[in-house]
Amino acid sequence: MTSNIAESLNAVTKYARELPIVELLEYMRTLLERWTKEKLLKAKSTFTYLRYKFNKELDDNRTLSHKLRVRSDYLLNQIHKQDNVRASTDYIHTIIDGVRHYIVCLENKRCSYGQFQLDELPCPHTLAALRHMDESFEQYCSPYYTRANLLRTYEIPVNPLPD
């Protein structure tokens, strides 16, 4: 079993494996130098709080949270005359999605759905609770996903070597 990184390196170094060891190491160094520079430029062109991939995932979760609200509002407000987000305390909420109930604890960054603590990114139920409290999502995202952390990843350069 190999990781994506190992598979990527194997694919781009296929022909270089036949080189003498010093030339192989130089090939690998220049490859990493190029990749680091490309990733740094991409990171610098990111202007959202979260990296692109995670910002997109958060937007998808936000869309789902609005759909959850519309579906739940219709079912609950029309039938039971209740709201789909109920706060037990400042940080514990019950999110009602049709006939299912999800418990969100903002203090511990947990949702009974399980996605919030697994991804460390607010799930649709968490976003519904945050919207109910009129609170921002930033403090509920893993710092790993932030643009600032991405920039730190590439701040150490792969330096060229003299002859």
Specify the closest pair of heavy atoms between Asn108 and Arg110, including all atoms of both residues, with the distance to one decimal. O-CG, 3.2 Å
Cys123 side, atom SG; Tyr102 side, atom OH - distance, nearest 0.5 Å: 9.5 Å
Are the side chain of Arg152 and the backbone of Arg147 linked by a donor-acceptor contact shorter than 3.5 Å? no
Carefully, step by step, assess Trp35 and Thr30 under the rule side chain to side chain contact (heavy atoms under 4.5 Å, CB included). CA-CA 9 Å; Trp35 283 354; Thr30 57; over 6 Å; no
Please examine the side chains of Tyr91 and Cys105, heavy atoms only from C-beta on, and report whether any two atoms are closer than 4.5 Å. yes
Would you say the side-chain atoms of Glu107 pair up with the backbone N or O of Ile92, donor to acceptor, closer than 3.5 Å? no
Mind checking the OH-CG spacing from Tyr113 to Leu118? Nearest 0.5 Å is all I need. 10.5 Å
Test item: Tyr27 and Thr13 side chains (from C-beta on) under 4.5 Å apart, heavy atoms: yes
Taking only residues two or more places apart in sequence or in another chain, which ones pass side-chain contact (heavy atoms from CB on, under 4.5 Å) with Val158? Arg29, Leu32, Glu33, Thr36
State, with a plain yes or no, whether a side-chain heavy atom of His93 is found less than 4.5 Å away from one of Ile95. yes
Leu106 vs Met133 side-chain heavy atoms within contact, under 4.5 Å: yes
Donor-acceptor pair, Asn61 side chain versus Pro122 backbone, under 3.5 Å? yes
Any side-chain donor paired with an acceptor under 3.5 Å for Tyr145 and Glu57? no
Check Arg62 with Asp59, please: is the shortest side-chain N to carboxylate O separation under 4.0 Å? yes
When you measure from the side chain of Thr48 to the backbone N and O of Leu50, does any donor-acceptor pair fall under 3.5 Å? yes
Cut-off 3.5 Å, side chains only: do Arg131 and Ser65 have a donor facing an acceptor? yes
Give a yes or no answer on whether the side chain of Lys109 reaches the backbone of Gln139 with a donor-acceptor pair at less than 3.5 Å. yes
Show, in sequence, the C-alpha distance, side-chain angles and deciding distance for Tyr52 and Phe47, and conclude whether the ring pair (Phe, Tyr, Trp, His ring centres under 6.0 Å) test is met. CA-CA 9 Å; Tyr52 174 79; Phe47 296 104; over 10 Å; no
Consider side chain to side chain contact (heavy atoms under 4.5 Å, CB included). Of Leu58, Leu121, Thr126, which one does Phe137 pass it with? Leu58
Distance col, row Glu135:CD vs Leu130:CG, nearest 0.5 angstrom, shows 5.5 Å
Nearest non-hydrogen partners of Gln115 and Pro124, listed with the distance: OE1-CD, 4.1 Å
Checking Glu120 against Tyr140 for the side-chain hydrogen bond (donor to acceptor under 3.5 Å, both in side chains) test, could you report, in this order, the C-alpha distance in whole Å, the side-chain angles of both residues, the deciding distance, and whether it holds? CA-CA 7 Å; Glu120 296 185 46; Tyr140 298 97; over 6 Å; no
Is it true that, when you exclude Leu41 itself, more than 12 heavy atoms of the residues, nucleotides or ligands shown sit nearer than 6.0 Å to its CG? yes
Kindly write out the residues that satisfy side-chain contact (heavy atoms from CB on, under 4.5 Å) with Tyr144, not counting sequence neighbours, or none if the list is empty. Arg51, Ser142, Asn149
Transitive ILVMFWY cluster of Leu40 at side-chain heavy atoms under 4.5 Å: who else is in it? Leu150, Leu151, Tyr154
Would you check if Val22 and Pro20 make a side-chain contact, meaning some heavy-atom pair closer than 4.5 Å? no
